[in-house]
Amino acid sequence: MGFFQSLGVGRIVFSSDTSEEQYREYGKGRITMDSCFPVKALAGHMGELLHKDINLLFVPMIYSLPSFLKGHVVDTLSCTRVMMSVENIKAGFLRERKEFEERGIAFVSPFVPFAEPELLPKYLWESLKEHIPGLTLEETARAVKEGFRALEDFERKMREKSLEIIRWCVKNNRPAILVLARPYHMDPGIGHDIDGEFQQYGFPVLWYNYLPLDDWLLEWLFSKEIRAGIIRSYFDISDVWTSSYSSNTNEIIWGAKFSARLPWITGVIRLSSYECGMDQPTFTPVQKIVESSGTLFFKFGELDETKPAGSVKIRVETIVYYLEKYSQDIIKKKLSRLGAVPSQLLV
Amino acid sequence: METKEFHYRAYRPRPFTKEERSKTTILFGGLTWKHERLIQGSLERMGYKSMPLPNIERQDLDIGKEFIDVGACCPTTFTAGNLARTLMTLREREGEEGVKNNYLFVTIGACGPCRFGQYHESYERVLEGLNLTDFRLFLLDLLQMEQSAPGGGLEISMPLTFGLVYSMFYGDLITDMEYAIRPYEVVEGSTDNMVRESVELLYERLKNRPIKGKKIDSLIWHVFTGYFVDALKEVRRLWDEIEVDRLRVKPKVKITGEFWLQTHEGDGNYNIKRWLEKEGAEVIPPPVAVWMDYLINMELFKLEDAKGFVKKYYLKKLAIGTIAGLYKMVYNRLRKALNNIPNPLPDQRKLKELARPYFHYRLTGGEGHMLIGKALYAYLNRQAHMICELSPYGCLPNTMSVGAMAKVLGDYPDLLYAPIEIKGDAEVHAYSRCQMILTEAKRRAKEEFEEVLERTGLTVEDIRNFEEDHPELRRATYKVPHYGYAGTASNYAMHIAKLMGRI
């Protein structure tokens, strides 16, 4: 939004949340190869937007992502399928006829490397200049900065909210749940709204990618290990994960480490989509990182377009039983391993 | 709820020291037996004891599934299972301490977008599952010329890296010869025997190669020496003795796909190359060298994109361009020693341009845009009648580029394309899909040959008679030029017509 508004684009239209209807009506038949659910869902989103009053369809091929772990890990690449799915699904829309052209919609799919600051504006400008008359590279670079500013602002607010939730847990001696998933699982259609189910039972839910990053908190959680030479910084994950190329994977691993240390996170819920190749090698390490601290770990795997709502509810009920039974013990044990609770948490 | 320890730690191998070198065997795998035997020669020259893992078998898939997390791609499952089987066999033979102390496993990783950079995570599950976490497993970066593993026992130096590069080149070139000749051999089995003999000869040459220098002097020697070319000239003299009949009309099938699966020869891909040959096809196997060439050229393309932002741009471009040029030059010198029977490396810039409308070249992971580029290149330049693309079940990047081929096929409906998903345990399904396309490829090869006979006015008998007077034409190492036809028999007939003055 920040990027496009800065360019003076008047109207920005988003597709709706993922749903079975959206996929069935607009996406089916556009996928040219069996794939994970989030990739299949993209076809529904693209198809839905083609039916809206727009003249430019913008679907970026996101190669690398902004990450708070940059500088502490090898790279911040996005999942191969996320970056490549655009070309796959585009083929589904074009193999029989020129569908974008027929609808009078320009299809723009720039290569977007967030980790390459000079090339990011260049690639965006090259893909948009034909469609936004008079657009210059300088203007695009300014808009990219605006986009980053908007993103940082959003993230700051989300992290503040997470801290507020943790403080509430401390004050009320209540447990929280951390979700380890991929960002698209926040979409209730893809994540099956499982986080919402837990909230209905009164459990506050934190997401791994918006955890608070305040120095005083991380100092409390990680300083012993830094002093012992096990890790080099709060954000170092090399003690548990040695090939840190993938942005979301790295963040999931870091989130698991955070959850293992923060006393009030007593349960971790792992969500993973059908055929997620990025998640697959992480299943055992993530579970071990979490469980080695005594924190409860539960996994909802192979999420796909079918929604087994009944079985999800039953599992959530079971998990809630365990959380209620063991959370106070877990909080006490985890607290005993750390020093005095920082005053900033006792607000 | 007691826990053994507060923190989980990633696997870290015990150090491997220089003193242990003479009594420790390096296990490695992942390529064809030919490449692996040649790599063994290069390792032994540098003072390492080494042993390739046994060839992949169907049981490795089941063993792999037992140890690693669910949802793994087919190459990860096969290779993890293969490692597990090997370690179990060694443990049975030499006991737990024997396995831990007398062996270590070296694997390579790189890039990161695909699971290739994370295979070792699955191998670690194998060690946990076998209660062998003291066993040493080292991950090396594919793209580093010089590196070492903890302890200093394993050092990848410039001479070793070049030895490995030549092993890869030799393995590719012998494989290319093998697949170009076997379908036409007059004496059944003669090609396979020659492959074995050639690999042993080259293994000896690699094992006994001189070490000239350590850094830049080593580079210069390896690039310009005649040592490696001379070894291949010896190989050529051996292959001269094989007699071939190039009038067998066969469809030419180019193999593309995910790196491991397309290179592999064994149960991991249902032995599909051999199966295609049995079904009457000539196979064009994919060399490992193309992938390395792709990685080098990608650096060049990325640099060109960043022109204007890069300091000393022209100097850097010259440096990478020179590496890319030398790489190709060396490969071509080796090809020439085999009378250019092995195929040249494709022009990476052409592949990138061909794929551009369908797949952005910066989408890396696996083979990226190359699968589309190679399919189009083979089709447009009449290199093959059919493309057989091998996709592993659960592969991250390959499934996406296979999907993008839908638009290519919309634009080029005549392109015969067989994308085969390999699960490892469903060969009948894979074969039948492949056979459907192969039937059409056979028809085209036959029609093409008949067209050549009509165009030249030749009969098969005319050609046979001409061959009797020119027996050198039936040598395996005789080079038949490309006359714009995909089939070997068609180009051969055209060549005879030219020699006879008919065209």
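Note on naming: letters A, B, ... go to the chains in the order of the sequence lines (proteins, then strands), and numbering restarts at 1 for each one.
Note on B:A306, B:G410, B:G403: by heavy-atom pairs under 4.5 Å with chain A, the leading option is B:G403. Contact count versus chain A (heavy atoms, under 4.5 Å) is highest, among B:G308, B:S391, B:G368, B:A10, for B:A10.
With rounding to the nearest 0.5 angstrom, the OG1 atom of A:T242 is 5.0 Å from the CD atom of B:E121. Separating the OG1 atom in A:T284 from the CD atom in B:E124 is a distance of 10.5 Å, to the nearest 0.5 Å. For the atom pair B:D69 CG and A:D279 CG, the distance stands at 10.5 Å (nearest 0.5 Å). With rounding to the nearest 0.5 Å, the separation of CZ in A:R81 from CG in B:N398 is 9.5 Å. Here OG1 of B:T77 is found 7.0 Å from CD of A:Q280. Values are rounded to the nearest 0.5 Å. Atoms CG and OG1, on B:L363 and A:T80 in that order, are 9.5 Å from each other to the nearest 0.5 Å.
Not counting sequence neighbours, the partners of A:R97 by the side-chain hydrogen bond (donor to acceptor under 3.5 Å, both in side chains) test are A:E102. Residues satisfying the side-chain hydrogen bond (donor to acceptor under 3.5 Å, both in side chains) criterion with B:Y377, sequence neighbours excluded, are absent altogether.
No side-chain heavy atom of A:D34 sits less than 4.5 Å from a side-chain heavy atom of B:T399. Contact of the A:Y123 side chain with the B:D305 side chain is registered, since non-hydrogen atoms from C-beta on lie closer than 4.5 Å. In this structure, B:P357 and A:E87 have side chains that are not in contact, with every pair of non-hydrogen atoms separated by 4.5 Å or more. Counting heavy atoms from C-beta outward, A:M83 and B:P397 have side chains that stay 4.5 Å or more apart.
For a residue to count as touching a neighbouring chain, one of its non-hydrogen atoms must lie under 4.5 Å from one of that chain's; by this rule A:V39 touches chain B with the side chain only. For chain A, no part of B:Y123 is nearby; none of its heavy atoms comes within less than 4.5 Å. Of the atoms belonging to A:K90, it is side-chain heavy atoms, and not backbone ones, that fall under 4.5 Å from chain B. Of the atoms belonging to A:I230, it is side-chain heavy atoms, and not backbone ones, that fall under 4.5 Å from chain B. With a 4.5 angstrom heavy-atom cutoff, A:M61 touches chain B only via side-chain atoms. Only the side chain of A:K122 comes within less than 4.5 Å of a heavy atom in chain B; its backbone stays farther off. Proximity to chain B (any heavy atom under 4.5 Å) is shown, for A:S238, by both the backbone and the side chain. For A:F93, no part sits under 4.5 Å from any heavy atom of chain B, backbone or side chain. Of the two parts of B:Y358, only the backbone, made up of N, CA, C and O, holds a non-hydrogen atom closer than 4.5 Å to a non-hydrogen atom of chain A.
Ring geometry for B:H360 against A:F111 counts as parallel: the plane angle stays under 30°, on a 0 to 90° scale with 60° as the upper cut.
Electrostatic pairing of B:E128 and A:K288 counts as a salt bridge here, judged by a charged N lying under 4.0 Å from a carboxylate O. Ion pairing between a basic and an acidic side chain is recognised when a charged N comes within 4.0 Å of a carboxylate O; A:E116 and B:R362 show such pairing.
Side-chain N/O atoms of A:D239 and B:Y8 include no donor and acceptor closer than 3.5 Å. For the residue pair B:T364/A:Y63, the side-chain donor-acceptor check at 3.5 Å is satisfied.
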